[in-house]
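Structure first, commentary second.
Fair warning: this is a prediction, and the values are worked out from it, not measured in the lab. The figures here come from the full heavy-atom set of this structure, side chains too, leaving out hydrogens, waters and symmetry mates. Just so it is clear: chains get the letters A, B, ... in the order the sequence lines come, proteins before strands, and each one is counted from 1.
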There are 2 protein chains.
Amino acid sequence: MYHLFKNSKLRFSELQRKLPYVNKRMLSKQLLELEKDNIIHKKIYPVVPVKTEYTLTNFGKSFEPIVNAMETWGENFNQNSKRDH
Amino acid sequence: MYHLFKNSKLRFSELQRKLPYVNKRMLSKQLLELEKDNIIHKKIYPVVPVKTEYTLTNFGKSFEPIVNAMETWGENFNQNSKRDH
DNA sequence: CGGTATCCGCAAGGATACTG
DNA sequence: CAGTATCCTTGCGGATACCG
């Protein structure tokens, strides 16, 4: 969600690159959950090879104040914040 | 943490009452973790029967903007927020 | 009163291989 | 490229009993 707030639109492989400590099985599972909860939307481009794009729904965007507060906290209080995003 | 922001000082049994869906083994484990991470402080009164009090540390208080943002989100967007705290 | 100790089921998440 | 399928280990969290 943090990365989708920063970029508004991300492909699966871009998310993988931004979250190198998450393997793709788990990334896929988490994205499915977020989609099921109507927090993100997944657009599939019917091309070969397949291309997907993830965006936040309006409901997903309602979490922005929380994510921002977490980011600010990270910048101010967590000396490990550099490696966390 | 939410309840400690609201009350600043709470006994174990008060936390139990405020979190009825958490059994005391788990409540105890979570409190130990928060204490180990220096987020809360536990004061033990050497009386019989034992009395304890939990408070937020200064570090714990640094999470206030995040908890507030979550509370605001709950009030505005989550129709189940009444039963969640 | 404020916890531990013990036992248990289940789900989270890693590693690896495979696929439309 | 964007995932599934499968197997496996770990540990979360529930239930219950006990304790200083």
| query | Rounded to the Å, how far apart are B:L31 CG and C:dT4 P? | reply | 10 Å
| note | Assert: residue with more 5' nearest nucleotide on DNA chain D, out of B:K29 and B:K24, is B:K29
| Of A:P49 and A:M26, whose nearest nucleotide on DNA chain C comes first from the 5' end? | A:M26
| field | B:Q30 side-chain N/O to D:dG13 phosphate OP1/OP2 under 4.0 Å | value | yes
| remark: Output for pair (B:L4 CG, B:I40 CD1), nearest 0.5 Å, gives 6.5 Å
| Rounded distance [0.5 Å steps], CG in B:L34 versus NE2 in B:H41 | 13.5 Å
| Could you give the distance from CD1 (A:I39) to CZ (A:F63), rounded to the nearest 0.5 Å? | 4.5 Å
| field | Spacing of A:L27 atom CG relative to C:dG13 atom P, expressed in whole Å | value | 12 Å
| field | Lys NZ or Arg CZ of A:K42 over A:Y54 ring: under 6.0 Å, within 45° | value | no
| query | What is the nucleic acid contact for B:R25, judged by heavy atoms within less than 4.0 Å: base, sugar-phosphate only, or nothing? | reply | base
| field | Spacing between A:F12 atom CZ and D:dA2 atom P, to the nearest angstrom | value | 8 Å
| said: Side-chain N or O of B:S13 versus OP1/OP2 of C:dG2: is the shortest distance under 4.0 Å? | reply: yes
| message | I need the CG-C1' distance between A:L15 and D:dC1, as an integer number of Å. | response | 14 Å
| query | Which is true for B:L32 with a 4.0 Å heavy-atom rule: it touches a base, it touches only sugar-phosphate, or it touches nothing? | reply | sugar-phosphate
| said: Check the phosphate of C:dC1 against B:T52, side-chain N and O only, distance under 4.0 Å to OP1 or OP2. Yes or no? | reply: no
| Just how far, in rounded Å, is C1' of D:dG3 from CZ of A:R11? | 13 Å
| field | Rounded interatomic separation in angstrom, taking CG from A:N23 and P from D:dT4 | value | 13 Å
| field | Electrostatic pair B:E71-B:K6, nearest N-O below 4.0 angstrom | value | yes
| field | Position toward the 5' end of DNA chain C (nearest nucleotide), B:Y54 or A:E33 | value | B:Y54
| field | Rounded distance (Å) that lies between atom P of C:dG2 and atom NZ of B:K18 | value | 14 Å
| task | Round to a whole Å and report the spacing from CD1 of A:I44 to C1' of D:dA2. | result | 9 Å
